[in-house]
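Atoms within a ligand are numbered from 1 in the order they appear, just like the ligands themselves.
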Amino acid sequence: MSGRLTIVGLGPGDDKYLTPEARAALDAADALYGYGPYLDRVPQREGQIRHASGNRVEGMRAREALNEAAAGAHVAMVSGGDPGVFAMASAVCEEIEQGLEAWRDLDIVVVPGITAMLAVAARAGAPLGHDFCAISLSDNLKSWDLIERRLDAAAGAGFVIALYNPISKARPWQLGHAFMRLAQHLPATTPVVFGRAVGRADEAVIVTTLDKANEVTADMATLVIVGSPETRVIPRNGKTPLVYTPRVAAKVTA
Ligand code: SAH
């Protein structure tokens, strides 16, 4: 049997966000690898072995999965959201590039999932309706200086910005600094969306403006969308407002 490693996106929340393709890939695997809370979301199947690991050991997890696949197994690696967005598909590619020659002979299949920014955007209306970008605020694998330069460039160029990994216990100040940095380029009234645990039972979505945005509103399960100067909010009686970015860009920002 030739080995296979399938890297599967679980989507942002519960079962209904799992695509039929992802479900079939999980069912077909002999062994599952992933961060514990993500593995817990996968339906149990008899005879399938699970290898749960912590959230700071992506390289080790990838190497273990590649070794098991190289021994002939069908292995699935799970990721929240989409596996290619700040997640395991890159970690696996990094290990293949640096690792054993035999790993290059494996079937590597990436199964996409709904990434957090799309799930949060859908709740808010259509904030990503025109040009946008995604930036991770985690400075574990890149410098804060580089993050600030990217924030400046993105806001200056008029992109809507989706902020992944906005805050954690080890990174308490970065989101507040990012809001201050963005405020140097954007109007105080720029819409900001906090989407927390979207697709799960404890989901919460808050719409505010850049001058009022407070980092304490976010936690590790939150994705933040900062609008562009074009992004608009439509208030509605008794209903959450609609946040959207029109398809036509008129204003010059930088
Ligand atoms: N691969 C994942 C992202 C991993 S980075 C994806 O495609 O979504 C982890 C970050 O994703 C979190 O810090 C948070 O910013 C965001 N995130 C993941 N799941 C989320 C959810 N259900 N609701 C809101 N944000 C989420």
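- Close N/O approach between I114 and ligand 1 is not found [any backbone or side-chain N/O within under 3.5 Å].
- If you take CE on M77 and CD1 on I108, they are separated by 9.5 Å, rounding to the nearest 0.5 Å.
- Just one residue in the list L182, V224, I225 forms a side chain to side chain contact (heavy atoms under 4.5 Å, CB included) with I161, and that residue is L182.
- Note on ligand 1: P166 sits in its first shell, one or more heavy atoms being nearer than 4.0 Å.
- With a 4.0 Å cut-off on non-hydrogen atoms, P83 does not touch ligand 1 at all.
- Each of the following atoms of ligand 1 lies closer than 4.0 Å to a heavy atom of A221: 23 (N), 24 (C), 25 (N), 26 (C).
- Remark: K16 engages D14 in a salt bridge, criterion side-chain N to carboxylate O under 4.0 Å.
- Close approach of ligand 1 to M220 is summarised as follows: ligand atoms under 4.0 Å from at least one heavy atom of the residue are 12 (C), 13 (O), 14 (C).
- Taking 4.0 Å as the cut-off, A197 counts as a neighbour of ligand 1 on heavy-atom distance.
- Summarising the contacts of atom 20 (C) of ligand 1 with R200, R196, R123, the nearest heavy atom is found in R200.
- The ligand atoms of ligand 1 that sit less than 4.0 angstrom from a heavy atom of F86 are 4 (C), 5 (S).
- In terms of protein heavy atoms, atom 21 (C) of ligand 1 is closest to V198 N, 3.6 Å.
- Of all the heavy atoms of T222, the ones lying under 4.0 Å from any atom of ligand 1 belong exclusively to the backbone.
- Between V85 and ligand 1, a contact under 3.5 Å exists for at least one N or O pair.
- Atoms CD1 and CG, on I49 and D30 in that order, are 8.0 Å from each other to the nearest 0.5 Å.
- The heavy atom nearest to atom 16 (C) of ligand 1, considering only A119, S138, A116, is found in A116.
- Under a hydrophobic-cluster definition in which Ile, Leu, Val, Met, Phe, Trp and Tyr are linked whenever side-chain heavy atoms come within less than 4.5 Å, directly or via other members, L26 and Y35 are assigned to the same cluster.
- The protein atom (non-hydrogen) at minimum distance from atom 10 (C) of ligand 1 is N165 OD1, 3.6 Å.
- For ligand 1 and T115, the ligand atoms under 4.0 Å from any heavy atom of the residue are 6 (C), 7 (O), 8 (O).
- The neighbour count for R236 CZ, taken as heavy atoms of other residues, nucleotides or ligands under 6.0 Å away, is above 12.
- Ion pairing of D27 with R23 is absent here, as no side-chain N (NZ or NE/NH1/NH2) approaches a carboxylate O to less than 4.0 Å.
- Protein heavy atom at the shortest distance from atom 11 (O) of ligand 1 is Y164 CD2, 3.4 Å.
- For L146, the CG atom sits in a packed shell: over 12 heavy atoms of surrounding residues, nucleotides or ligands are nearer than 6.0 Å.
- The NZ atom of K212 lies 12.5 Å from the OG1 atom of T217; values are rounded to the nearest 0.5 Å.
- Counting heavy atoms closer than 4.0 Å to ligand 1, residue A87 contributes side-chain atoms (C-beta onward) but none from N, CA, C or O.
- Other residues, nucleotides and ligands place more than 12 heavy atoms under 6.0 Å from the CZ atom of R41.
- Between Y33 and the choices R50, E64, E68, the side-chain hydrogen bond (donor to acceptor under 3.5 Å, both in side chains) rule is met once, by E68.
- At least one heavy atom of G80 sits closer than 4.0 Å to an atom of ligand 1.
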